[in-house]
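Proteins come first, then strands; the chains are lettered A, B, ... in the order of their sequence lines, and each starts at number 1.
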Amino acid sequence: MDSQTLRVGIDIGGTFTDFVLYNPSNREIQTHKVLSTPDDPSRAVLQGLKRLIPSSNVDKVSIVHGSTVATNALLERKGAPTALITTRGFADILQIGRQNRPALYDLFADPRPALVPPAFRFEVTERVNSAGEILIPLDDSEIEELILTISALDVRSVAVCLLFSFLHPSHEQRIGDRFRKAGFLVSLSSEIVPEFREYERTSTTVVNAYVSPIMDHYLHGLTSGLPRGYDLRVMQSNGGSISPQEARQKAVTCILSGPAGGIVGCQYMGHQVHGSESTIAPENGNEPFCENDIVRFLTFDMGGTSTDVSLIDGQPRITTESTISDCPIKIPVLDIHTIGAGGGSLASVDAGGALRVGPSSAGAVPGPACYGKGLLPTVTDANLVLGRLQPEFFLGGTMPLDYSRACNSMETIANQLGLSIEEAALGIVSIANAHMERALRVISVEQGQDPRDYTLLSFGGAGGLHASDLARGLGIQTILVPLFASTLSAFGMLTADIIKDYAITVLLPEDTPVRVLEERLSILADQGFRALISEGMSPDNILIQRSVDMRYQGQSYEMNTPFSSSLRQGFIEKHSAEYGYAKDTTPIEFVTLRVRAVGKIPSLPSRPLPLQSPDPAHARIDERKVRFSQEWSSTPLYRSELLTPGNVIPGPAILIRPDTTILIDPNDIARVDPFGNITIKVGL
Amino acid sequence: MTYDPIKLEIFKHLFAAIADEMGTLLRKSSYSPNIKERRDFSCAIFDSSGRLISQAAHIPVHLGAMPLAVTAIQQHFKTDLHPGDVVILNDPFRGGTHLPDITLVSPVYLSPNNDLSTPPVLIGYAASRAHHADIGGIAPGSMPLANEIFQEGLIIPPVKLVRSGDIDRGILDLILANVRTPHERHGDLLAQLAANRRGAARLQELFQRYGSTETNEASTALLAYTERMTRHLLGNLPDGSYSFSDYLDDDGFSPQPVKLMVTITIAGETATVDFTGSAPQVKGSMNAVYAITLSAVYYTFRCLLGLDVPNNAGCLAPIQVIAPPASITNALHPAPVAGGNVETSQRLVDVLLGALAQACPSLIPAASQGTMNNITIGGALPQNALALKSGLAVGTQFAYYETLAGGTGARPTANGGSGVHSHMTNTLNTPVEALEYAYPLRVRKYALRINSGGNGLFHGGDGIIRELEVLTDCQLTLLTDRRRIPPYGVNGGEPGKCGINILLRNNKESQLPSKGTVDLQAGDIISIQTPGGGGWGRKPD
């Protein structure tokens, strides 16, 4: 990418399509929002680009784009009709899955039907064993018969998943070659996810076959609509981007790209805040985020219907165990934990007399009672009743909230519980907080991490009202609310590296010479290196990360450990840290080798502003009564856009932004950093 | 209203999170596929008087049974429990269920007001129970065709595996010397200990954060809450007495079917569940101990309660369970019990549902497969497998255990589920590729058994077919049911198909019994075809 190229990150959401543009010539960052166009999302993208970049004065634009096209196709079951080919005897694996039922105590719950119905599932005679040896060779004539059979169906996309194909891919490859020649789009499990455990591999391969044609169609439309000189890349769920050519064939890697963009954005915020320590005047009381140089965030993205949380310990955590819409997806994705609690979560009283919040939500329609349509109380209504949300400033004043409707909705609950309206509202907020605190504990405490070592990074529309209470509950001392909170995902796409993940299951014993592992890893690394070069990366900007999934022999769950000459030591240390025990003498085994090839994208230069007076009086617009957890306090309101770097705002206070409201507890102190971010020091 | 409805909800999460976290840790850090891949375990926490406060949603058959483990150690040790102790047990007649289920209970202590100079007091218990793939006895997998419990494996009465933080090597060595796969047992026990430690630490943190008065009040309030929910449910069922009976195929020794009978009497907000009329305890291992019968009752009512109610002692408070001693539903020492846990428990649920279908027909499905199709294959690892592991061999024996899914009963509003586990178990299958890597076995087929579900307005779910070829001489133990008496349909729905166990040797097929141990030769193929679920309602013409 040359230094004069305009860079744009684009995130398509349900309501808005967000744009963040970086112009290297004046080092300025611009954000922009247009209404999404769900029938054809590319329309909003092209519209926004046209408005943002007047065509006359640019010739090179580099776009990274997070698309919900693949996600929605899967969630709404609107993917391409797909056929599946398996080893003879195993066509039903996709449906049987792991043979467990979705809910333990619900006699009526059913999983969603398999993506490929029985009539589209086919078998071929062939078999490879666990040593990678062929037991039954594949006969070409059977492939030809299958092509004839499948050609008679209304199917373009074919998934192939044969047993032990990761050890011996040639059978899948032969089927793939023939079907591709016959004009089918083919997803081979040995190409998509060459790892053991046949159900998860089949599911991942089938999802790819199911969503890729949709992505292909979408990206074709989008790229042909782009002016000349515009280069497009697509965001993946692993936090990096890939070329559109690759995305059209491996759309499964893009399924969770939106939230992944958010996490990459958080990571960028971390580097920005870190890099700026020297510019922060100590007399303003700003302290460095952590003692050492590691970015440690618990990210907290609270929206209307759900809340996403994740942990960044230097790097975001990666998982290969995600499940989306009942389909396991076994590729590396950023580990984001989602719970069904948000501003729109409904409160109710159950038959046992407990106050419940969620999991059902008022959604966009009818929305919280205070939006003017719904009748049932939500978390947002509770915040309004407590004075934490200000009715006339919601969404920059474009959507006034109805205080009396919120009170009326709360009254039903309060009467059932024998509480005042205010007590009921406080209860709803504390229970919502309990849900979210539990989610934050799952990703930190349960992984052996102490939340007190982390900064809570709050973004998303509803987070600013809850961050302080959550931080206190978890012993977190600092909260960061980034300036670009509502477009953080698009921001992340702007800064995302190109990332390609490779893996192969090897199942080798501990006494395997390190040389053998190195050789196998270097095959993957070469693949990654070449792929990045072919996308125009310079070798200097390529980073290769090697790791190994290991376990004690006999265990059936692996732990990913960075590759080194002392693999055993690394494994034992990690095992002790996460599980609280390790065995010194038991042999280990190497299960899956992994390589991540990263093409570094030049990071955005930061432009810290000089710190000015701590006095925020110029941004103060009013004073209101607000109910904090302890009592009602007279609380000044500030317009966040008017605050300047260096301002210090002691609690109680409310900072109002068009996209979010930030509640500063009476025990907390907020400051504006040189980038316009808000940091909050949490008092006990 | 006697307790703050807001705190109630908050503490519900706090307690549930502890049991969940224990479960996550146990699953991730355990050794054997049985715990890790199949998730055949449960974790729970109890208050200081031994009442179940929270149990993670793992395996229903452990539900009613876990509290009896805590009661057993309270009775056994009385005041002789101290900080850092961990008690191990598997004796079905003293807190256990069947021998492969090993339970570890950790009493949890804390110094009042965090004052380390005052002696710590008991604040509760953390417990984990896991199904170990082998615990010795006459057949690999420890679920043999036995006629007394001594043949089923090593019996562990409540003993301290850990004293004041130190593992008792003697006890551990004694256990490991009596099992076929000591290395695996050792790893799984360490994982259970780690899970208990984690649960204990979290319980201590909870008491430190909220204080013992508030935490104890909250746990009592949660018990009362679940009890109110159960009473509310019972109050909505029509008063009356509802009886139902069904038969197990046999006990493995005599061809005589074994009767299971229940009479549920609903009176206002209480219920009596009476198993009088069920068969006397049998010679084979289909005997359920009282804990198992309790679990089946617990599970059945828990299903009617709705999703989000905490699993605690309050659930059974308004329900009286009568199981006549020395009957199949309350077997006495030294009856063999391995199958009571996995088979009779499963069928007891169908019998309970059959009775409830008369009280609330719109909520109750037809019979599900009614068996867990337990298969165990074990023996000596072949030489080439040992060589493959190149001097790192961790044992010379293997024991593979698996339960197979089947069809579930059709519902009043929908077809039954196919190839899925029902009722008292929800264990995952062992992936074919994991299984073939670990054991000298090859899977030949794993498919739905089409048209095995019963016909009806809504049809029952289909069973499955799993075909395994053994690559070495070894022993197969079958513990299956519904091979003669099919899963019943409801309201005019037809029964599901019975299961079949087949041996294919030298291209000759023969039928295997529902229960028993068979010597297999390398190259033998066994095909297990599991039952379908019953249909619901008459099929329209």
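- Note on A:Arg127, A:Arg88, A:Arg201: by heavy-atom pairs under 4.5 Å with chain B, the leading option is A:Arg127.
- Note: B:Tyr299 and A:Tyr105 have tilted aromatic rings, judged against thresholds of 30 and 60 degrees for the angle between ring planes.
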**Steps toward side-chain contact (heavy atoms from CB on, under 4.5 Å) verdict (B:Met229, A:Asp350)** = CA-CA 9 Å; B:Met229 294 293 266; A:Asp350 69 19; 4.0 Å; yes
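- Each of A:Leu135, A:Thr87, A:Leu508 has some count of heavy-atom pairs under 4.5 Å with chain B, and the biggest count is that of A:Leu135.
- Only the side chain of A:Glu437 comes within contact range of chain B, with at least one heavy atom under 4.5 Å from a heavy atom of that chain.
- A pairwise comparison of heavy atoms in B:Tyr225 and A:Gly353 identifies CE1-N, 4.4 Å as the closest pair.
- Looking only at distances, a side-chain donor or acceptor of A:Gln99 sits under 3.5 Å from a matching main-chain atom of B:Ala405.
- For A:Leu419, the part lying near chain B is the side chain, with the backbone staying farther off; criterion is any non-hydrogen pair under 4.5 Å.
- With a 4.5 Å cut-off on side-chain heavy atoms, A:Arg438 and B:Leu14 do not count as touching.
- Using a 4.5 Å cut-off between heavy atoms, B:His13 contacts chain A through both its backbone and its side chain.
- Within the model, atoms CD1 of B:Ile6 and CG of A:Leu355 stand 5.5 Å from one another, a figure rounded to the nearest 0.5 Å.
- B:Val443 places none of its side-chain heavy atoms less than 4.5 Å from the side chain of A:Glu198.
- Residue with the most contacts toward chain A among B:Lys445, B:Glu433, B:Glu436: B:Glu433 (heavy-atom pairs, distance under 4.5 Å).
- Heavy atoms of A:Gln95 lying under 4.5 Å from chain B belong exclusively to its side chain.
- With a 4.5 Å cut-off on non-hydrogen atoms, A:Val349 does not touch chain B at all.
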**Request:** Evaluate the criterion side chain to side chain donor-acceptor pair (under 3.5 Å) for residue pair A:Glu589 and B:Tyr437; output intermediate values, then yes/no.
**Result:** CA-CA 12 Å; A:Glu589 56 190 350; B:Tyr437 178 71; 3.1 Å; yes
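- Both the backbone and the side chain of B:Ala191 come within less than 4.5 Å of a heavy atom in chain A.
- Remark: the backbone N or O of B:Pro431 is not paired with any side-chain donor or acceptor of A:Arg197 at under 3.5 angstrom.
- Under the 3.5 Å distance criterion, the side-chain polar atoms of A:Glu446 are left unmatched by any main-chain donor or acceptor of B:Thr24.
- Contacts between A:Ala109 and chain B at a heavy-atom distance below 4.5 Å involve the backbone alone (N, CA, C, O).
- Two residues are said to be in side-chain contact when any heavy atoms from C-beta on lie closer than 4.5 Å; B:Arg302 and A:Leu104 fail this criterion.
- Using a 4.5 Å cut-off between heavy atoms, B:Thr425 touches chain A through its backbone atoms (N, CA, C, O) alone.
- A:Phe108 touches chain B through backbone and side chain together, each having a heavy atom under 4.5 Å away.
- Under a 3.5 Å cut-off, the side chain of A:Asp92 and the backbone N or O of B:Leu448 do form a donor-acceptor pair.
- Of the possible donor and acceptor atoms, none in the side chain of B:Asn429 sits under 3.5 Å from a partner among the backbone N and O of A:Asn100.
- Nearest heavy-atom pair across A:Arg101 and B:His423 is NH2-O, 2.6 Å.
- Comparing A:Phe164, A:Tyr199, A:Phe166 by heavy-atom pairs within less than 4.5 Å of chain B, the highest count is held by A:Phe164.
- Neither the backbone nor the side chain of B:Arg231 has a heavy atom closer than 4.5 Å to any heavy atom of chain A.
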